[in-house]
Amino acid sequence: MDWLHNLIWHDLVWHNDKLFGIQWSVWKVIGWLGNITFSSRFIVQWYATERKRRVVVPTAFWWLSLVGSLLLLVYALRKTDSVFIYAYLFPWIPYTRNLIIHYRHQKAHSNCPGCGRSCPPQSNFCPNCGARLATTTSSF
Ligand SMILES: [Zn+2]
């Protein structure tokens with residue numbers, strides 16, 4: 001089995017001072033962290049959708065999108081690749097806006113004075129116990 005160990009370890013994993021065929025540097029680590037973070041958002045979104053049996057975009061999806069795209073933008077700026085820079089120059093805007101709207105919406109919830117459950121914004125009655133809620137107004 002030494003031949004298998006040699007094939008996997010010495011030819012595929014570590015070869016000519018390269019790990020997985022990549023010459024590593026700090027910038028490669030930043031770029032790969034961006035790639036892994038950005039692509040992991042698909043798994044998070046898919047898992048949330050399968051779990052709820054309906055299309056769901058969890059908050060973690062927007063955080064992974066924001067952090068991953070910013071890491072990739074930093075890497076692209078370092079590489080001075082105009083195509084790559086443009087691809088990651090603007091996506092942080094909708095990701096950030098979606099997070100702002102999400103947290104504002106969450107903050108606009110009120111706790112029921114009867115049962116303590118968190119009630120959706122602009123609800124007049126608690127969906128859990130039916131207690132009357134103080135009406136509030138919110139803007140997005
Ligand atoms: Zn209640």
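Both backbone and side-chain heavy atoms feed into the values below; hydrogens, waters and symmetry mates do not.
- Counting heavy atoms from C-beta on, the side chains of Phe20 and Val13 come closer than 4.5 Å.
- With hydrogens and angles disregarded, a donor-acceptor distance shorter than 3.5 Å links the side chain of Gln45 to the backbone of Val56.
- Looking at Ser69, its side chain does come within 3.5 Å of a backbone N or O of Leu66 through a donor-acceptor pair.
- Here the straight-line distance linking atom CG of Leu72 with atom CG of Leu89 works out to 13.0 Å at 0.5 Å rounding.
- The main-chain N or O of Leu19 is found under 3.5 Å from a side-chain atom of Trp24 such that the two form a donor-acceptor pair.
- Within a 6.0 Å radius of CH2 in Trp46, no more than 12 heavy atoms belonging to other residues, nucleotides or ligands are found.
- For the pair Val74/Trp27, a side-chain contact is recorded, criterion being any heavy-atom separation below 4.5 Å from C-beta on.
- Panel note: side chain Ser40, backbone Thr37; a donor-acceptor pair is recorded below 3.5 Å.
- Relative ring orientation between Phe38 and Tyr88 is described as perpendicular, the plane-to-plane angle rising above 60° on a 0-90° scale split at 30° and 60°.
- In the hydrophobic clustering of this structure, Val83 does not group with Trp92; members are Ile, Leu, Val, Met, Phe, Trp, Tyr whose side-chain heavy atoms approach within less than 4.5 Å, directly or through other members.
- Aromatic ring orientation, Tyr103 versus Trp63: tilted (interplanar angle from 30° to 60°).
- Ser25 places a side-chain N or O within 3.5 Å of a backbone atom of Lys28 that can act as its donor or acceptor partner.
- Hydrophobic cluster membership is shared by Leu73 and Ile30, with clusters built from Ile, Leu, Val, Met, Phe, Trp and Tyr side chains linked at under 4.5 angstrom.
- Side-chain contact of Thr59 with His102: a donor-acceptor pair under 3.5 Å is present, judged by distance alone.
- At least one side-chain heavy atom of Leu133 sits under 4.5 Å from a side-chain heavy atom of Pro113.
- The two residues Val44 and Phe61 come nearest to each other via the heavy atoms CG1-N, 4.3 Å.
- Both Leu77 and Val26 are members of a single hydrophobic cluster when ILVMFWY side chains are connected at heavy-atom separations under 4.5 Å.
- Looking at heavy atoms from C-beta onward, Ser65 lies out of side-chain contact with Pro91 at the 4.5 angstrom threshold.
- Within a 6.0 Å sphere centred on OH of Tyr86, other residues, nucleotides and ligands contribute 12 heavy atoms or fewer.
- Side-chain contact between Asn35 and Tyr75 is absent, with no heavy-atom pair separated by less than 4.5 Å.
- Between Ala76 and Phe84, the shortest heavy-atom contact is CB-CD2, 3.5 Å.
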